[in-house]
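Bear in mind the structure is a predicted one, so any value in this text is a computation, not a measurement.
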Amino acid sequence: MPSKPIRGTNSPPIPLQVPRFCGNEWKYLKECLDSNWVSSVGGFVDRFERAVADYLDARYAVATMNGTSALHVALLAAGIEPDDEVLVSTLTFIAPANAIRYVQAWPVFIDAEQDYWQMDPNRVAEFLVRDCVWRDGGLRDKGTGRRVRAILPVHILGHPVDIDPILDLAAKYELTVIEDAAESLGAKYKGRRPGNLASIGCVSFNGNKIVTTGGGGMVVTDSERIAHRARYLTTQAKDDPIEYIHNEVGYNYRLSNLQAALGCAQMERLEEHITAKRQLSAAYTEALRDVPGIMPVREAPWAFSTFWSYAIRIDPLEYGMDSRGLLQWLDFHGVQARPLWQPAHLSPAHAGAPVSGEAVSARLYREVVNLPSSVGLQEAELHQVVDLIKAGRQ
Ligand SMILES: *Cc1c(COP(=O)(O)O)cnc(C)c1O
């Protein structure tokens, strides 16, 4: 490792992923404060739900306090019950695996494919064909004896999962499909939008996502029944609001009007954000083209990726340093980069869960680095990051 700093020691740090507020955010927030509508009821909540539903070409959207609660409610609304099994991507942020446990169901972890790093439809098929049996009018996992009820593909890093084969398998085996589109709002799969490719989709508006409300989420569906159920469960299962009658255990999962106000302003900027991310991605890929051992994240021919997080895979032998070495090198120079997530099946919290494949996600976890990808990242900053990556191998 060279010891001479390449970026000046007083250069401001380059963060991984920060939001950008340069539209109507202040204006809409002020309207909330001036009108006293700050809590979980208000015009902006309805408007934000409508904006997201329209964007995804879905009939209904129900706002929630974050993406994880959206996943929890989606699983409940889909009728997933204790001891059911749900197939889920193992290469993901942990939220969907945890949400499966909230309803006392069990994850079955599906490996990633090596081209675009998404849930591998072949591994889904392999598990359903090899490890399951049709018994008593339902599909059962031969190993655990549990009912297999649903598939939860996670569209990671702004790119869609190859979902058609998964939808076909789900139809054949009578499984519900719940999408986690938290990272891929704005992407396209064969012209259609992740988040509305299956019966239920979930979105997140966490601070690092392409549209943010600080914290927030949404359950998206074309089904009136599921939308009603999601709304009911997120509002304390309120059957009579005047008499305070609650016939089931519900949740206080609603988004506030303040957050929804931010969301409305951010949705107005979504197309700009996507364009900015795609430009950054093209610039990174071009600048890193001739660096040995660095392979940029790719976009499938059937996909439109937002490149929400720009990532590179590192061949340590060719590059001369492994991903963790590069992370340290970048960190030393004030550049915030991150690995992918530890595959969920390796988390002690989910130990013992059935898996279908694990080699690809394990390798990607070792080899992939996420680079700074904020919408507002400047061209000059991007080139500083690239120069550091080039210098790192010398
Ligand atoms: C961000 C994210 C979520 C939801 O996270 P929240 O912080 O609860 O909004 C879910 N799944 C994935 C893959 C995510 O990246």
Side-chain angles (χ1 to χ4, degrees), residues 6 14-17 89 91-93 112-120 154-162 183-184 186-189 194 208-210 273-331 333 335-341 343 360-394:
I6 291 182
I14 302 180
L16 184 68
Q17 189 84 263
S89 313
L91 191 60
T92 172
F93 177 57
E113 37 79 20
Q114 57 184 351
D115 294 332
Y116 312 109
W117 314 346
Q118 310 292 325
M119 175 186 261
D120 187 344
V154 185
H155 307 281
I156 62 165
L157 305 180
H159 191 286
V161 171
D162 183 12
E183 298 181 8
S184 298
K188 285 185 205 155
Y189 175 74
N208 61 352
K209 302 303 199 291
I210 198 160
H273 289 189
I274 295 168
T275 304
K277 297 251 186 199
R278 286 184 61 90
Q279 278 170 358
L280 291 176
S281 150
Y284 266 130
T285 298
E286 174 60 25
L288 289 166
R289 205 161 42 129
D290 299 323
V291 186
I294 300 285
M295 291 142 292
V297 63
R298 291 163 56 210
E299 183 180 43
W302 38 261
F304 175 87
S305 175
T306 63
F307 292 95
W308 166 69
S309 183
Y310 186 82
I312 53 177
R313 191 156 73 78
I314 290 146
D315 178 337
L317 292 178
E318 258 196 86
Y319 178 64
M321 175 156 62
D322 69 6
S323 65
R324 295 330 188 249
L326 177 61
L327 286 171
Q328 276 179 22
W329 171 246
L330 292 174
D331 180 64
H333 292 95
V335 172
Q336 196 182 37
R338 286 284 180 273
L340 287 177
W341 322 268
V360 177
S361 52
R363 173 153 176 225
L364 292 171
Y365 175 52
R366 275 199 311 276
E367 296 186 348
V368 172
V369 168
N370 286 290
L371 297 179
S373 305
S374 305
V375 166
L377 186 75
Q378 299 299 304
E379 190 91 11
E381 294 174 309
L382 184 148
H383 286 290
Q384 287 174 13
V385 176
V386 169
D387 288 345
L388 280 169
I389 294 171
K390 288 180 173 167
R393 71 183 301 273
Q394 282 152 17

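Between W308 and H159, every side-chain heavy-atom pair lies at or beyond the 4.5 Å cut-off. Using a 4.5 Å heavy-atom threshold, the side chains of I210 and K277 count as touching. Within the 4.5 Å cutoff, side-chain heavy atoms of I389 are placed close to those of Y319. Residues S323 and Y365 have side chains not in contact (no heavy-atom distance under 4.5 Å, counting atoms from C-beta outward). Considering only heavy atoms from C-beta on, V385 comes within 4.5 Å of Y284 through its side chain. Using a 4.5 Å heavy-atom threshold, the side chains of M119 and V154 count as separate. Residues H155 and E183 are not in side-chain contact: their nearest non-hydrogen atoms beyond the backbone lie 4.5 Å or more apart. Put simply, the side chain of V297 does not reach to within 4.5 Å of the side chain of T285, judged on heavy atoms.
Between N208 and Q17 the shortest heavy-atom distance is O-CG, 3.2 Å. When all heavy atoms of N370 and P339 are compared, the closest pair comes out as ND2-O, 3.3 Å. Pairing each heavy atom of A337 with each of V369, the nearest pair is CB-CG1, 3.9 Å. In plain terms, the two heavy atoms of S374 and P15 that are nearest each other are OG-O, 4.2 Å. Listed here is the closest heavy atom pair of L327 and R338: CD2-N, 3.6 Å. When all heavy atoms of T306 and A187 are compared, the pair lying nearest together is CG2-N, 3.5 Å.
Note that CZ of R393 and CG of L326 are 12.0 Å apart. Values are rounded to the nearest 0.5 Å. The distance from atom CD of E286 to atom OG of S281, rounded to the nearest 0.5 Å, is 11.5 Å. Remark: Q378 CD to L280 CG distance equals 9.5 Å, nearest 0.5 Å. Here CG of D322 is found 8.5 Å from CD of Q328. Values are rounded to the nearest 0.5 Å. Atoms CG and CG, on L377 and L371 in that order, are 9.5 Å from each other to the nearest 0.5 Å. In this structure, NZ on K209 lies 10.5 Å from OG on S309, to the nearest 0.5 angstrom.
Under the 3.5 Å distance criterion, the side-chain polar atoms of W329 are matched with a main-chain donor or acceptor of L388. Put simply, the side chain of S305 gets close to the backbone of G158: a donor and an acceptor are under 3.5 Å apart. When atom types are taken as modelled, the side chain of Q118 and the backbone of I156 share a donor-acceptor pair closer than 3.5 angstrom. Here the side chain of Q336 pairs a donor or acceptor atom with the backbone of L16 at under 3.5 angstrom.
In this structure, R278 forms a cation-pi arrangement with F304, its terminal cationic atom sitting closer than 6.0 Å to the ring centre and no more than 45° off the ring axis.
Classification of the W302-Y116 ring pair by plane angle, with boundaries at 30° and 60°, yields perpendicular. Classified by interplanar angle (parallel below 30°, tilted 30° to 60°, perpendicular above 60°), the ring pair F307/Y310 is tilted.
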*Please lay out, stage by stage, how H333 and Q384 fare under the test side-chain contact (heavy atoms from CB on, under 4.5 Å).*
CA-CA 10 Å; H333 292 95; Q384 287 174 13; over 6 Å; no

*Is there a side-chain contact (heavy atoms from CB on, under 4.5 Å) between L91 and L364 once you walk through the steps?*
CA-CA 9 Å; L91 191 60; L364 292 171; 3.8 Å; yes

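Looking at Y189 and D162, their side chains do bring a donor and an acceptor atom within 3.5 Å of each other.
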